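Structure first, commentary second.
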Amino acid sequence: MNIYWDSFKTFFKIGMFTLGGGYAMIPIIEEEVVNRHRWVEKEEMLDQIAIAQSCPGVFAINISIFIGYKLNKVRGAIATALGTALPSFLIILAIAMFFHQFEDNRIIAAMFRGIRPAVVALIAVPTFNLGKSAQLNRFTIWIPIVSALLIWLMGVSPIWIIIVAGIGGFLYGKLRVKN
């Protein structure tokens, strides 16, 4: 099987049938990439998610590029990135072309109101799964809670949270090696 075509199709399918953005894609990406195709191990997937969140740009594109690059360097990254981005591009193009015809339609508005809570669930599930994979326990659970509160209540930039957490992890690793 052609790895370029296979990875393109996989990420096209993920991009086509995922509502709610990159975070909502995590369980589908994990199912396809880790469980079905076995392109990436579960632990490596967790690392790639953390890196993709830390990089500038769209999360879904970042994670697809990392996986594609692992599969077959630059060409693999191009195949997976195109597969991820193309469905959204085509859908947005179609909506832009026909939006004026249904922008005041009550049925369409009701459908979007129904989709919103489902998107929240699609984001919540990977968050809990990431927490389990990150091996959060009673000693470390405070880190994501304090981070979320700092971002939500005090408006701290997520970039600062990532920088501080990275430095903290580095220092903790250094201290742990000495003991």
Side-chain angles (χ1 to χ4, degrees), residues 1-88 118-148 158-159 161-179:
M1 186 135 228
N2 183 336
I3 191 66
Y4 301 117
W5 179 242
D6 197 29
S7 61
F8 174 84
K9 283 191 318 187
T10 297
F11 278 91
F12 187 88
K13 180 173 72 172
I14 290 167
M16 189 70 168
F17 295 105
T18 306
L19 298 174
Y23 296 107
M25 288 181 168
I26 292 173
I28 298 169
I29 293 171
E30 186 175 343
E31 178 60 32
E32 288 289 325
V33 171
V34 175
N35 300 335
R36 183 165 178 239
H37 293 290
R38 301 191 192 289
W39 290 332
V40 176
E41 296 294 321
K42 187 167 180 79
E43 287 299 316
E44 187 178 1
M45 179 76 180
L46 179 62
D47 292 340
Q48 289 181 344
I49 289 169
I51 294 168
Q53 289 173 317
S54 303
C55 292
V58 178
F59 171 78
I61 299 293
N62 290 347
I63 193 94
S64 69
I65 288 171
F66 293 148
I67 293 166
Y69 190 83
K70 181 183 191 277
L71 291 175
N72 211 355
K73 304 294 181 217
V74 173
R75 289 181 181 174
I78 291 169
T80 55
L82 285 174
T84 304
L86 194 56
S88 297
V119 170
V120 171
L122 289 172
I123 294 170
V125 169
T127 301
F128 290 117
N129 289 339
L130 283 171
K132 280 192 252 180
S133 298
Q135 300 171 347
L136 291 177
N137 57 43
R138 61 189 169 119
F139 300 110
T140 59
I141 191 67
W142 66 271
I143 298 169
I145 292 171
V146 169
S147 298
I159 294 168
I161 301 294
I162 291 167
I163 291 170
V164 170
I167 292 169
F170 174 77
L171 294 174
Y172 176 76
K174 286 289 192 185
L175 290 173
R176 195 166 182 191
V177 169
K178 288 181 182 180
N179 294 333

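Bear in mind that the values here come from a model prediction, so they are computed numbers and not experimental data. Sequential numbering from 1 along the given sequence is applied to the chain's residues.
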Can you measure from [atom1] ([X]) to [atom2] ([Y]) and round to the nearest 0.5 angstrom?
X	Y	atom1	atom2	value
I65	Q48	CD1	CD	12.0 Å
I26	N129	CD1	CG	9.0 Å
L71	H37	CG	NE2	9.5 Å
S54	F59	OG	CZ	10.0 Å
L46	E30	CG	CD	9.0 Å

Closest approach of [X] to [Y] (non-hydrogen atoms, all atoms of both residues):
X	Y	result
V40	K70	CG2-CD, 4.0 Å
A79	Y4	CB-O, 3.8 Å
S64	A81	OG-CA, 3.6 Å
N35	E31	ND2-OE1, 3.0 Å
L136	P144	CD1-CG, 3.8 Å
P87	G83	CD-O, 3.1 Å

Given L82, which of L86, I78, T84 fulfils the side chain to side chain contact (heavy atoms under 4.5 Å, CB included) condition?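 Exactly one candidate clears the test, I78.
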
I159 pairs by side chain to side chain contact (heavy atoms under 4.5 Å, CB included) with which of I163, I162, I161?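 The single option meeting the side chain to side chain contact (heavy atoms under 4.5 Å, CB included) with I159 is I163.
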
Would you say that [X] contacts [Y] through its side chain, given a criterion of any heavy-atom pair below 4.5 Å between the two side chains?
X	Y	result
M45	I29	yes
T80	W39	no
F11	I14	yes
I63	M25	no

